[in-house]
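Being a predicted model, the structure only gives us computed values, none of them experimental. Reckoned from all heavy atoms, side chains included, excluding hydrogens, waters and symmetry mates. Just so we're on the same page: letters track the sequence lines, and every chain starts at 1.
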Amino acid sequence: MSRAALPLAKEEDLLGPGTAPATAKRVRSFARAYAGAFVLILLLLIGWELAVRLGNVPEYLLPAPSQIVADLRTDWVVLGPALWATLGEVLIGFVIAAAIGIGLAVVLHLFSPLRRAIYPILIGSQTIPVVVLAPILVILFGYGILPKLVIVALICFFPIVVNGLDGLRSVDEDFIAVMYTLYAGRWAIFRRVEFPGALPSIFSGMRIAATFASIGAVFGEWSGSNAGLGFVMLEATPNLLTARIFAAILLLTVISLTLFGLVSLVERIAVPWAPRRRPS
Amino acid sequence: MPAELSTDGAGQQGTTSDPGIGIRLIGVRKSFGDIVALRGIDFEIQRHSRIGIVGPSGGGKSTLLHIVAGLMEPDVGVVDVEGATAAKERLTRCAMMPQRDLLLPWRTALDNAIIALENQGVGRSTARARTRPYFERFGLARFENVRPAELSGGMRQRVSFMRTLVAEKDVLLLDEPFGALDSITRAHMQEWLLRALGEVPRTVLLVTHDVEEALLLSKIVVVLSARPGRVVRTLAAGFPTIASRREIVTSREFVQLKEQALEAIG
């Protein structure tokens, strides 16, 4: 009886996440982690607002934060559809990149001759700034959504492949040795050990990619388009509608943050066992 | 008292009939490049007996284990595991339990334990049903659906051992199985392991740097030298598994054997 009591003593630890106190704790630690950044941004915005107002800076040179927010409302007729257009390019392009990126990482991992042939080329290809390819893609694919998807996918795909490959290769060799003594074949090791073990790495690649995606979409739009936030910015520039440009930038960051948040959310669901990164 | 703790423990179990060869190595040699890891390794144990390999770290103990398991072939020599001499066949007879528990962190304790069954193509629910009874026996009841991160070190090691047993292989290769545990937990786990092996007889090869552990858990203890590893001493241990640990480790015979082993290691 006393022997059984030893392991069971740990049971209260098992309540873990999901209980009310744990949630409250998470909210508190979240607040503590980001309070500093929040205050700093607030101070910068106030400083910006005051500088513009007190210095009588004309709106076409530098609009105050309040003017940008006001413009967001008045120009929503233009900005709203542009937001949806760009959001579509970013999301679809990202999904294509994730599918191809993870797929290629798996293929290269399972066929090492292929990896040795392709991996150096993949790394080398990153010396080409992908955004400069945008005009060529417009020539190839026209003014529609396709060249934007290609450019977003090209930008996002690289960190996903590299992180995915790293994750797949970083599995402990002892793990694999033990699995071989437990009737595992190559496929079982991939399915039950390597792939699940690589998921945190794959998701960190996707989080990096999420922050690049909107850059790709905007460059695609700048190279030739008739919709999207990049197109709105191009149109606003010669007309000195500076507040509208800033509003478009604001919406772009919203897109990036949303995508980042979505990836993190999916990660939480798909990889619930991963050690939580403490907000730094 | 010490008289009762004589080395005849090995004889008692093998009396029913000749159990055949468990593990036999003849003239095994293995080198990696210029480094000779093992040289002239010979030993033999019967089926369902237990052998302990001790020696200084870096003496090729783990290499020896991998060779027996069939994860690699020796450069020279014969390895026979219950009649299997080819690496592939040895692999089908051996299950290995590593020093670190190496449980899959995304699987619950139960799903970790069933992995050998899943690898054999058994469906998940069948595998779970077959494995559940082990949890009661291992003192892990109600921890089936807990992930390894939430288990203590001793519990994780028990799940790891369970995973090895569920594979239902006749030969267990234990690589420093309790090396990562504190000494109190380790003592508990050693007693527990002996009890567990009493219920399901297996051929056991135990690699450890802890001479006391080797003497307690095995019937024969082979002392390896520093690299290149070769057999410098073979000791008959085989203390009765029912006696209390303290009685054994303080007995004159045990102390003598321990001294001999330590002397052989140098």
(request) Could you tell me whether B/D75 and B/K30 have a side-chain N and a carboxylate O separated by less than 4.0 Å? (result) yes
(message) If the threshold is 4.0 Å, N to carboxylate O, is there a salt bridge linking B/E73 and B/R90?
(response) yes
Heavy-atom proximity to chain A below 4.5 Å, by part of [X]:
X	answer
B/L103	backbone
B/R100	side chain
B/L71	side chain

(request) Check whether any side-chain heavy atom of B/W106 lies under 4.5 Å from a side-chain heavy atom of A/L199, and answer yes or no. (result) no
(request) Report yes or no: do A/S256 and A/T211 form a side-chain donor-acceptor pair below 3.5 Å? (result) no
(message) Between B/E82 and B/T203, is there a side-chain donor-acceptor contact under 3.5 Å, judged purely by atom types and distance?
(response) yes
(request) Would you please go through residues 117-138 of chain B and name the residues with a non-hydrogen atom below 4.5 Å from one of chain A, in numerical order? (result) B/E118, B/N119, B/Q120
(request) Considering non-hydrogen atoms only, spot the tightest contact between B/D101 and B/R163 and give its length. (result) O-NH2, 3.1 Å
(message) Please find the pair of heavy atoms, one from A/P200 and one from A/V271, that lie closest to each other, and give the distance.
(response) CG-CG1, 4.1 Å
